[in-house]
Amino acid sequence: MTSPQRQPLLHDLAVTLAAPTVVLSAPDGNLDAAVPGAGVHGLFHADIRALSLLRVTLRPDHAPSGEHAGKAPPTVGASEAEGEAEDTGTHAGENWLPVVAVMNAADGPGVSRFVGLAQALGDGAPDPTVRVDRRRTVAPGRLTEQLTVRSTATKPVHLAVRVEIAGDLATLEHAKAGLPPRSPAGPNSELLSNAGVLRWGDPAVAVAVSAPGAVPDAEHSTLTWTLTVKPGENVDLHLTVDVSDTAAVVTAAGPKPTWQRPHVTADDRRLPALVEQSLDDLHSLRMATADSPGDTFLAAGVPWFFTLFGRDSLWTARMLLPLGTDLALGTLRTLAAQQGTRTDPATEEEPGKILHEIRRGLFDDGQGLRLPPVYYGTVDATPLWICLLHDAWRWGLPTDDIEPLLPALTAALGWIDAAARAGDGLLSYIDHTGTGLANQGWKDSADAARFADGRLAQAPLALAEVQGYAYEAALAGAALLDAFELPDGDHWRTFAADLADRFRARFWVADQHGPYPAMALDGSGRPVDAVASNMGHLLATGILNADESAAVAARLAAPDMSDAYGLRTMSSTSGGYGPLRYHCGTVWPHDTAITVTGLARTGHAEAAARLIEGILDAAPAFDYRLPELWGGDARADTPAPVPYPAACRPQAWSAAAAIALMTALTGLEPDVPAGRLRLRPTGPLPVGALSVTRLTVAGERLDVTIGSDGRITSVSAPAGLTVQEHTAPRS
């Protein structure tokens with residue numbers, strides 16, 4: 001983790017992306033990474049900042065003789081522009097005026113819109129008569145901007161439009177550390193101006209900027225248009241930035257759609273709005289590795305996690321299974337191709353282990369965290385890989401796609417077996433190098449594991465939810481081994497039963513409110529007894545019996561966990577709690593959605609509804625683009641969720657949480673190999689009547705309509721599946 005004093009803020013940036021390219025700008029659309037406190041600005045491509053400056057300014061101008069509206073004077077070149085600057089001070093910034101921002105908004109995948117006012121131009125009246133609209137479009141490796149100058153003035157408006165543009169080719173970790181931009185265009189790079197194009201780069205990265213009709217100035221790194229806008233007319237200007245990177249380890253996903261887009265209607269219109277924006281964001285996060293460009297996965301999040309993360313990509317693909325199995329298959333294949341084959345403490349690689357993340361090079365945040373380009377420091381990605389394979393099979397992933405992954409399945413099961421033997425029957429972890437992640441579950445900050453009195457737990461740690469994942473993976477693996485006539489199914493059922501017994505004996509603790517599972521065991525085997533959201537992940541794994549699930553549901557539904565805008569990561573009564581502590585009191589939408597799934601599956605509809613309402617209350621404050629996390633303040637205390645200032649946005653599993661919540665409301669549980677499809681809505685729905693069409697099971701369409709009372713009113717399912725409807729009781 002980077003020091004919070006240095007990590008740039010992200011919460012108020014405008015984000016436009018199409019993996020592996022993203023633009024993070026100020027609300028007016030400008031980029032200036034050198035402005036103190038502005039957060040992290042830039043166009044990033046595959047972990048390199050290709051643009052650190054992109055600023056639009058205006059200047060009143062006189063109409064040159066023979067000038068045509070929207071075109072630069074044909075005789076003005078760079079030297080003449082410099083001569084003008086000696087009199088006007090244009091390159092020193094004098095007389096150039098900012099465009100005053102009044103609106104910015106996402107406008108579909110990879111598109112943002114900005115509207116600004118040119119207050120010094122046009123009629124001398126209170127109402128603005130000249131404005132500048134920016135339409136920003138990001139595609140993989142390309143940024144295009146259309147600047148439209150609009151005038152309702154009574155006379156022609158003569159002006160110059162200037163774009164200052166530069167790139168420092170800084171690495172992502174350089175930006176995350178809050179360091180100032182490097183020298184423009186990066187070290188040992190060359191900036192050229194020819195044929196109206198500005199270029200810079202290094203041996204791996206090449207950046208080219210073109211602007212038809214503009215006068216480029218390589219010395220000052222500007223592009224300038226001189227134009228006249230007549231009353232009631234618009235003039236369009238165009239700018240294109242192309243980036244290529246031969247050293248990138250990630251690339252754009254293929255053009256084929258990765259899932260079917262569902263249509264959602266509900267009495268509570270926030271749910272459809274959340275689903276729509278989330279699907280746009282997920283589309284823009286689609287990515288592939290350079291080694292396997294045909295297999296699509298979802299990058300974890302923007303900007304710090306804009307690459308393959310085992311845990312994040314697996315959870316996201318799992319949540320999106322109701323939209324089809326193609327994403328799951330691409331994720332499974334990509335991670336299987338990088339599965340560990342040897343023991344290497346430097347990278348945490350072990351035979352059968354699924355990786356944590358990949359980068360273009362060593363990731364060094366300057367604060368002691370140094371991760372190799374392929375890093376395996378995760379304790380949960382391996383069982384989650386098995387769970388995704390099993391769930392995708394149940395949702396209809398074809399046998400021909402599963403069979404090539406069976407060797408990876410047996411290797412992953414082997415890693416679980418070895419890890420449990422090394423951990424006294426439980427899965428635990430420790431950072432062997434001292435420079436990797438101190439915590440290797442999803443709560444991976446150094447201070448995430450705490451006792452109820454606030455003390456930090458000492459490694460090696462055995463996390464509660466990881467034991468649940470391993471239990472579920474063992475049973476899932478047994479089912480797959482049996483189905484494909486492979487041995488050892490009974491071994492894994494026995495393993496699961498023994499693990500459940502060990503968990504029951506060692507993790508359960510109690511306080512004045514009753515029993516609950518500790519979040520972890522520390523290095524001496526003591527329960528780490530802070531009341532935390534970890535227990536919510538256990539509900540859907542099957543490791544808890546009915547009475548234990550009820551106890552967990554009661555703890556999660558209590559106000560100290562659930563009166564925020566979603567589920568708190570830690571109880572507000574626990575020592576070490578803080579509403580803006582990364583893993584100790586904030587709300588993470590994916591964490592809430594996983595818990596809601598478990599609550600719905602174990603029949604605790606009221607607790608699930610309470611958490612769903614919290615997320616829906618939060619969504620409008622973020623324009624329905626859910627960030628990585630937000631503050632854990634009580635809903636009664638703040639009229640809107642408090643942003644976590646350094647939260648990534650969009651974040652894949654946050655966006656996928658919308659689909660998970662929708663699925664939990666319907667109670668969808670398919671078993672295509674068995675020919676069954678179960679629907680068990682959560683009872684009276686917190687969103688009112690709900691209709692979801694164009695879901696996908698076994699590659700075929702599924703439509704479901706549920707009344708506000710939780711009764712199923714219609715189901716259209718693929719032929720060959722027996723639909724089992726479990727109608728919720730009336731309230």
Between R370 and E173, is the closest basic N to carboxylate O distance under 4.0 Å?
no

For the side chain of T569 and the backbone of S533, is there at least one donor-acceptor N/O pair under 3.5 Å apart?
no

Starting from the C-alpha separation in whole Å, work towards a yes-or-no answer on salt bridge (Lys or Arg N to Asp or Glu O under 4.0 Å) for D280 and R261.
CA-CA 10 Å; D280 284 351; R261 192 178 182 105; 2.9 Å; yes

Closest non-hydrogen atom pair, T16 against V111
CG2-N, 3.7 Å

Side chains of H590 and S654: do they bring a donor and an acceptor to under 3.5 Å?
no

Which pair of heavy atoms, one from A392 and one from T325, lies closest together, and at what distance?
O-CG2, 3.8 Å

Ring pair (Phe, Tyr, Trp, His ring centres under 6.0 Å) test vs Y644 passes for just one of Y565, W588, Y582, namely Y582

For the side chain of R649 and the backbone of F622, is there at least one donor-acceptor N/O pair under 3.5 Å apart?
yes

Pairwise distance CG(L427) to OG1(T382) - rounded to 0.5 angstrom
8.5 Å

Just so I know, are the side chains of L274 and L626 near enough to count as touching, which here means a heavy-atom distance under 4.5 Å?
yes

What are the two closest non-hydrogen atoms of V302 and V22, and how far apart are they?
CG1-CG2, 3.5 Å

Side chains of T289 and D291: is there a donor and an acceptor less than 3.5 Å apart?
no

Rounded to the nearest 0.5 Å, the CG atom of L314 sits from the CG atom of L389 at a distance of 10.5 Å

Sequence neighbours excluded, which residues qualify as salt bridge (Lys or Arg N to Asp or Glu O under 4.0 Å) partners of R318?
D391, E472

Would you say the side chain of I386 lies within less than 4.5 Å of the side chain of Y469, judging by non-hydrogen atoms?
no

Look at D245 together with R360 and state whether they make a salt bridge at an N to O cut-off of under 4.0 Å.
yes

Ignoring hydrogens and angles, tell me if any N or O in the side chain of T307 forms a donor-acceptor pair with the backbone of I358 under 3.5 Å.
yes

Spacing of CG belonging to L53 relative to CG belonging to N30, to within rounding of 0.5 Å:
8.5 Å

Strictly distance-based, threshold 3.5 Å: is any side-chain N or O of R270 a donor or acceptor partner for the main-chain N or O of Y624?
no

Are any side-chain N or O atoms of W385 and backbone N or O atoms of L332, one a donor and one an acceptor, separated by less than 3.5 Å?
yes

Counting N and O atoms only, with roles assigned by atom type, does the side chain of E628 sit under 3.5 Å from a partner on the main chain of C648, one being a donor and the other an acceptor?
yes

Does E348 offer a backbone N or O that forms a donor-acceptor pair with the side chain of K353 under 3.5 Å?
yes

Who pairs with T435 by side chain to side chain donor-acceptor pair (under 3.5 Å), at least two apart in sequence or on another chain?
T433

Is a side-chain donor-acceptor pair under 3.5 Å present for D444 with Q440?
no

Between CD1 of I165 and CG of L51, what distance do you get to the nearest 0.5 Å?
4.5 Å

Quick one: do the D591 and H537 side chains pair a donor with an acceptor below 3.5 Å?
yes

Give a yes or no on this: more than 12 heavy atoms of other residues, nucleotides or ligands lie within 6.0 Å of atom CZ of R142.
no

Against Q146, only a single residue in H238, R136, R135, R134 fulfils side chain to side chain donor-acceptor pair (under 3.5 Å); can you say which?
H238

Any residue meeting salt bridge (Lys or Arg N to Asp or Glu O under 4.0 Å) with D107, in chain and number order, not counting sequence neighbours
R113

Please answer whether the main-chain N or O of G441 pairs with a side-chain N or O of R311 as donor and acceptor at a distance below 3.5 Å.
yes

Closer than 3.5 angstrom, by distance alone: can the side chain of Q339 be matched with the main-chain N or O of A408 as a donor-acceptor pair?
yes

Hey, is the main chain of R182 close enough, under 3.5 Å, to the side chain of D168 for a donor-acceptor pair?
yes

Specify the closest pair of heavy atoms between M287 and A19, including all atoms of both residues, with the distance to one decimal.
CE-CB, 3.7 Å

Atom pair CE/CG of M103 and D28 - distance to nearest 0.5 Å
13.0 Å

After noting the C-alpha distance and the side-chain angles of E465 and K443, does the key distance pass the salt bridge (Lys or Arg N to Asp or Glu O under 4.0 Å) rule?
CA-CA 11 Å; E465 72 272 20; K443 295 181 178 179; over 6 Å; no

With side chains defined as the heavy atoms from C-beta onward, is the minimum distance between L24 and P303 less than 4.5 Å?
yes

Report the C-alpha separation of N439 and Y429 in whole Å, then their side-chain angles, then the decisive distance to 0.1 Å, and conclude whether the side chain to side chain donor-acceptor pair (under 3.5 Å) test is met.
CA-CA 8 Å; N439 283 309; Y429 62 85; 2.6 Å; yes

Of all residues at least two apart in sequence or in a different chain, which pass the salt bridge (Lys or Arg N to Asp or Glu O under 4.0 Å) check with E349?
R342

Is there a donor in the side chain of D295 and an acceptor in the side chain of S292, or the other way round, less than 3.5 Å apart?
yes

Among W442, F309, F305, exactly one meets ring pair (Phe, Tyr, Trp, His ring centres under 6.0 Å) together with H356. Which residue is that?
F309

What closest approach, in Å, do A248 and A290 show between heavy atoms, and which atom pair accounts for it?
O-CB, 3.7 Å

Sequence neighbours left out, what passes ring-ring contact (aromatic ring centres under 6.0 Å, His included) with F363? Give chain and number order.
none

According to side-chain hydrogen bond (donor to acceptor under 3.5 Å, both in side chains), does anything in residues 32-42 pair up with another residue at least two apart or in another chain? List the pairs.
D32-R55

The reported gap from CG in L695 to CG in L321 (rounded to nearest 0.5 angstrom) is 11.5 Å

